[in-house]
2 protein chains.
Amino acid sequence: MKKISLKDIAKMAGVSTSTVSFVLNGKAEQMRISKPIVEKVHQIVKKSGYQPNRVAVSLRTGKSKIIGLLVDDISNQFFASCAKFIEDEANEYGYKVIFCCTENDAHRARTLLNILNYQQVDGFIITPTVKMNKDIEQLVQYKKPFVLMDRYFPEINTPYVLVNNYSGIEKGMTHLIRKGYKRIGFVTVDLKMIQMDMREQAYKDAQKKEQPASKQKLLLKLPINCTDDREATMQMIISFIRDTELDAVFFATNYLGILGLESIQQIGLEIPRDIAVICFDDNDIFRLHTPAITVIRQPIDKIAKSSVAILMDQLGAGKHKVQRIQVEIDPEFVVRKST
Amino acid sequence: MKKISLKDIAKMAGVSTSTVSFVLNGKAEQMRISKPIVEKVHQIVKKSGYQPNRVAVSLRTGKSKIIGLLVDDISNQFFASCAKFIEDEANEYGYKVIFCCTENDAHRARTLLNILNYQQVDGFIITPTVKMNKDIEQLVQYKKPFVLMDRYFPEINTPYVLVNNYSGIEKGMTHLIRKGYKRIGFVTVDLKMIQMDMREQAYKDAQKKEQPASKQKLLLKLPINCTDDREATMQMIISFIRDTELDAVFFATNYLGILGLESIQQIGLEIPRDIAVICFDDNDIFRLHTPAITVIRQPIDKIAKSSVAILMDQLGAGKHKVQRIQVEIDPEFVVRKST
DNA sequence: CTGAAAGCGCTTACAG
DNA sequence: CTGAAAGCGCTTACAG
């Protein structure tokens, strides 16, 4: 597959390479290249199927038209969906996407960032891991275009896109309370990331408002490594539901929601009380189960598209001049099944 | 972030750029560069954090160290898992991964292939769509390195990696028959791709062997666009199970399995018979349900790693000299829950 | 043992 | 209106 070069086209058209380049880059008018020549060049390019070598263009212009996507784990449903929308949207702007999985490991994230940065990536969309502050600060310092997604560091002034976690939980709580539930538990994980803190705070505030006198803590905060031992975590959830005699449980993440449903199913026969579940994000599993379920779905498409838009704005490729804003997105409120 | 160049390093070390280049590319010995100089260069490189500009290297060498991954849809759990393992494995070889979603649309696939090919991608890992034969043939013709994954075209001689679909279904059928099921239905989709044909054939062969006299067709072949209307498809599955009075159902894909479980749950009260389900691939949902279930899990890690290995072999970057073989992988046989 | 030089395929001031 | 030339940052024959 001998590739055709700009030079070849120029030779075929009987003009210089600069002329061809100008025509191809839409600068024909600006450079006052004659109509006949422009047409001739276009015709030859079309017939030959010529496409400029992006690598050469990159080297010359310093722009690769590639963005780097750093997520925890692409095989996680949430990130997989994000990736799909991001790729789709980036394509619209003529960008390609290289992805990497950080495994929520700051050290690994740094290595990946470094490799991609020093190479050919124009900008980043990043789901930051815990302890990644230093690296994010460095990106800011070096003025590298990037946008944080789903999480952020309140102490660093960066562009980011996230859902309004607080209001999501708040709405969910209001919904549960209206349905008449009295003892609403909350299961979360001690991730020490701002988005989890917000969710927890929203739950606590709603609880306080509703049942100011309530003494018993109805909150289960699982250890950060709870994903390592599925069975053990399920046991903790089961004990929690039993011991606290809940009539509804609110799971703070998708993963916990799935574990929770399994747990609830396991003890379903013993505890006949009605149980409602609310989770961030959506999943096939939420369609299949006995207790009532309410799902707060994150609008992944919006998160992804907004992230791309913000990044493109920084790259100066934005179609509409988007402000470098901090986008807030309200979670949709989806009731899946009602009692 | 002013980047350091080879030239800068050369200046700092007081040698020529060629010397630095040779040292960095491990050709110091071959070029008989003196020990002290080698060390000095290494030291300066380390101290300055210099990394060669990959774009320039690409232009010069014609190798980008990027591979293109074409899948139907990255947000699909199967492909998302593949992507993760592929990225991980590619990293091991020093490659990065650009991914694209074909949406199972041959036209879109061609465009993507063309863009990536004409640009900077060294090779491809492709989950081919229907009607993609022409494009694959072209890749072969142009000697572009690539490997097909999960599917292939029997009429084109290409490297590929797939699971042994026939044997997977065969084993599943044997398992069901041993459990005592008599009327085993099979739900598949009319995708017109070889991997689906193999699964169907395996089912038919097993049926014939077991119940040669059986008259009634226990096979449901859903239209190719069945993913468009979830509800309608579920109705078809429900009718099928009712009308044929099955005591077990075999779902040919993960997606169908999920739909199937929901359908079965819907009619669970009316049909008290025990129902066994076998699906390719795994999913959270398979842990949550009433009927007995058997899961045949595709070893995604092996599929992904083998694909990368085969591609790397073609790219000449293989660590161990892997033959350009056609890898066959037996599906694992996982019994999840027993009656 | 080491350096000067060509060239990968483009873009873009600069000169006419 | 168009062309010759420099240069992006590397690698690698080639000359010494």
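Computed from a prediction, not measured in an experiment: that's the story for all the values here.
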Length of the CG-P vector between Leu6(B) and dC8(C), whole Å: 19 Å
Between Ser21(B) and dT11(D), is there a side-chain N or O to OP1/OP2 distance below 4.0 Å? yes
Start with the C-alpha gap between Val41(A) and Leu24(A), add the side-chain angles, then the distance that decides, and say whether side-chain contact (heavy atoms from CB on, under 4.5 Å) holds. CA-CA 8 Å; Val41(A) 169; Leu24(A) 257 41; 4.2 Å; yes
Partners meeting salt bridge (charged side-chain N to carboxylate O under 4.0 Å, His left out) with Asp122(A) (sequence neighbours left out): none
Find the distance Ile33(A):CD1 to dG3(D):P and express it as a whole number of Å. 9 Å
Kindly determine whether Arg108(A) and Asp73(A) satisfy salt bridge (Lys or Arg N to Asp or Glu O under 4.0 Å), including the steps that lead there. CA-CA 12 Å; Arg108(A) 199 182 148 104; Asp73(A) 174 2; over 6 Å; no
Could a donor-acceptor pair under 3.5 angstrom be found where the side chain of Thr17(A) meets the base of dA4(D)? no
No-hydrogen, no-angle side-chain donor-acceptor test under 3.5 Å, Ser21(A) and Ser18(A): no
Euclidean distance, Asp135(A) CG relative to Glu137(A) CD, rounded to 0.5 Å: 9.5 Å
Rounded off to whole Å, could you give me the CD-to-P distance for the Glu39(A) and dC1(D) pair? 14 Å
With under 30° as parallel and over 60° as perpendicular, where do the rings of Phe99(A) and Phe99(B) fit, or are they tilted in between? perpendicular
Base, sugar-phosphate, or nothing for Val55(A), non-hydrogen atoms under 4.0 angstrom? nothing
Starting from P on dC10(C), measure out to CD1 on Ile4(A) and report it in whole angstrom. 10 Å
Ignoring backbone atoms, test whether Thr19(A) places a side-chain nitrogen or oxygen under 4.0 Å from the OP1 or OP2 oxygen of dG3(D). yes
Nearest to the Leu59(B) side chain among dT11(C), dC10(D), dG9(D), which nucleotide is it? dG9(D)
Is there a side-chain polar atom (N or O) of Tyr50(A) under 4.0 Å from OP1 or OP2 of dC10(C)? yes
Write out the stems for DNA chain D, ordered by first number and formatted as range with range, counting runs of at least 3 consecutive Watson-Crick or G-U wobble pairs under 3.5 Å. C:1-3 with D:14-16, C:5-12 with D:5-12, C:14-16 with D:1-3
Nearest-angstrom distance from the residue atom NZ of Lys27(B) to P of dT12(D): 4 Å
Rounding to an integer number of Å, can you tell me how far Leu24(B) CG sits from dT12(D) P? 13 Å
Within the structure, does a side-chain N or O atom of Thr61(A) lie under 4.0 Å from either OP1 or OP2 of dT11(C)? no
Before you tell me yes or no, could you show the steps for Lys63(B) and Leu315(B) under side-chain contact (heavy atoms from CB on, under 4.5 Å), namely the whole-Å CA-CA distance, both residues' side-chain angles and the distance that decides it to 0.1 Å? CA-CA 9 Å; Lys63(B) 304 287 168 204; Leu315(B) 293 175; 5.7 Å; no
Does a side-chain N or O from Asn25(B) land closer than 4.0 Å to OP1 or OP2 of dT11(D), or not? yes
Provide, to the nearest angstrom, the distance between the CD1 atom belonging to Ile9(A) and the C1' atom belonging to dC10(C). 13 Å
Measure from the side-chain heavy atoms of Ile37(B) and tell me the nearest of dT12(D), dT2(D), dT2(C). dT2(C)
In whole angstroms, how far is the P atom of dC10(C) from the CD atom of Gln51(A)? 11 Å
Phosphate oxygens OP1/OP2 of dC10(D): is one of them under 4.0 Å from a side-chain N or O of Lys7(B)? no
Side chain of Phe22(B) - closest among dT12(C), dC10(D), dT12(D): dT12(D)
When rounded to the nearest 0.5 angstrom, what is the spacing between CG in Asp105(A) and CE in Met132(A)? 10.5 Å
Side-chain atoms of Arg60(B) come closest, of dG3(C), dT11(D), dG3(D), to dT11(D)
Looking at dC1(C), dG3(D), dG9(D), which one has an atom nearest to any side-chain atom of Ser34(B)? dC1(C)
